[in-house]
Structures are given as structure tokens and as C-alpha cells.
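Presented below is the structure to which this report refers.
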Amino acid sequence: ARLLGKVHDPMAESALGMIVREYPLYFCAVRAHFLTGLVCFTGALSIRMYTEYSSGCSRFARAMLLAMASTALFMVSLFNASLIYFDSFADMWYRYITLLMQEVHLANLGATAGLALLMAVFSAYEVISSMSSLVIMVAKGEGGSIQGASKEKA
């Protein structure tokens, strides 16, 4: 039997064990992107709540931002507690990226893949730097400036 052009051994202790053994890249991709999507959705909701409520009641906005951040961190901690084949969420992403680099040869993909990789690195840098400045603004109580800046640009 051929599945995705690869001969596989169907004998395993469980279906999950066979998937992890035969298709580790796809297993890592689904697990990593699913939880990352949930955390990003929670983050987007928290930023939206913060910008909506920061002008009227900045204390409530900070409380909601912290509640949503707490929810996202709790989701990751529950995920880490239930992991079988990985040590942590970060370890899962590390293994996924490692498997991806082994499977996909960047030299064969050309300039588009290089540009996509460059954009991904730049995007990660921007997200980390913007989140750190958002945390500093929340700590200082300068929430209204986010809403004001977005209204001025519009």
C-alpha cells in the first residue's frame, strides 16, 4: 500500500503511534498550528478588547487584557501537561521546524521561499517587539494612546 508516495509499516501499538512514526512532519504541523491558532485568536480578541475599552475605562481594559493573557497561558500550560511525544509547546515547534527543514529543501524552492522565510523572521521580530511595547504601555496606564493613534490614522 502506498500512502502519499511512501511505503509504510501499518503495524503499531496504536493509530497515533503509527502516525507519529510514519508521518512526524504532518503530525507536528497539525498539533503546532492548531494550538498556535487558538492562542493567536485569543491574543487578537484581547487586543481588540483593549483598544475598544481603553479610552472609556482603562482599568477595565487592562483587567480584560490580563484575563485574556491568563487564558492563553493557561491553554498552553494545559497543552504542555497533556503532551505525549514532546516536552513542551516550544519543543514541539522546534521539532516541527527541524522536520520541515529536513523535508523541504529550500534550494529547490527558489527566491519565493527565501522571501517567505525572510518575511516570517521579520514578522516574528515585529510581533515580539510590539507585544513588549504593549505590555509596557499597559503597565504605565497609557492605554488611551493606542485608540487615539488608530483614530488619528483613520
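Because the structure is predicted, anything quoted here is derived from the model rather than measured. In what follows, every heavy atom counts, from backbone to side chain, and hydrogens, waters and symmetry copies are set aside.
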Exercise. Rounded to the nearest 0.5 Å, how far does CZ of Arg95 lie from CG of Leu25?
Worked result: 12.0 Å
For this session: Could you tell me how the ring of Phe27 sits relative to the ring of Phe86: parallel (under 30°), tilted (30 to 60°) or perpendicular (over 60°)?
Result: parallel
Exercise. With side chains defined as the heavy atoms from C-beta onward, is the minimum distance between Met68 and Leu45 less than 4.5 Å?
Worked result: yes
For this session: Verify the cluster assignment for Met92 and Leu73: are they in a single hydrophobic cluster under the rule of side-chain heavy atoms below 4.5 Å apart?
Result: no
Problem set entry | N/O donor-acceptor pair under 3.5 Å between Ser46 side chain and Gly43 backbone | yes
Problem set entry | Minimum heavy-atom distance Leu99-Cys28, with the two atoms named | CD1-SG, 3.8 Å
For this session: Begin with the C-alpha distance, continue with both residues' side-chain angles, and end with the deciding distance and a verdict on side chain to side chain contact (heavy atoms under 4.5 Å, CB included) for Tyr96 and Arg31.
Result: CA-CA 9 Å; Tyr96 170 54; Arg31 300 269 305 187; over 6 Å; no
Problem set entry | Separation of Asp91 CG from Leu83 CG (nearest 0.5 Å) | 8.5 Å
Exercise. How far apart are the closest heavy atoms of Phe89 and Ala32, and which atoms are they?
Worked result: CE1-O, 4.4 Å
Exercise. Roughly how far, to the nearest 0.5 Å, is OG1 of Thr71 from CG of Leu38?
Worked result: 12.0 Å
Exercise. Taking everything shown except Glu13 itself, do over 12 heavy atoms lie less than 6.0 Å from its CD?
Worked result: no
Exercise. Is Val30 linked to Met75 within one hydrophobic cluster, defined over Ile, Leu, Val, Met, Phe, Trp and Tyr using a side-chain heavy-atom separation of less than 4.5 Å?
Worked result: no
Exercise. Does any N or O in the side chain of Ser129 come within less than 3.5 Å of the main-chain N or O of Tyr125, such that one atom is a donor and the other an acceptor?
Worked result: yes
For this session: Check whether any side-chain heavy atom of Tyr26 sits under 4.5 Å from a side-chain heavy atom of Ile19, and report yes or no.
Result: no
Exercise. Hey, does Arg62 have a side-chain heavy atom less than 4.5 Å from the side chain of Arg59?
Worked result: yes
Exercise. Do Met18 and Tyr23 come close enough that some side-chain heavy atom pair is under 4.5 Å?
Worked result: no
Problem set entry | Closest non-hydrogen atom pair, Tyr85 against Gly17 | OH-CA, 3.7 Å
Exercise. Can you hop from Val76 to Tyr94 via hydrophobic side chains spaced under 4.5 Å?
Worked result: no
Exercise. Transitively linked via ILVMFWY side-chain contacts under 4.5 Å: Leu35 with Ile84?
Worked result: yes
Seminar exercise, completed: In this structure, OG1 of Thr36 is separated from CZ of Phe41 (nearest 0.5 Å) by 15.0 Å
Exercise. Okay, side chain of Ser77, backbone of Phe74: is any donor-acceptor separation there less than 3.5 Å?
Worked result: yes
Seminar exercise, completed: The reported gap from CG in Leu65 to CD1 in Ile47 (rounded to nearest 0.5 angstrom) is 7.5 Å
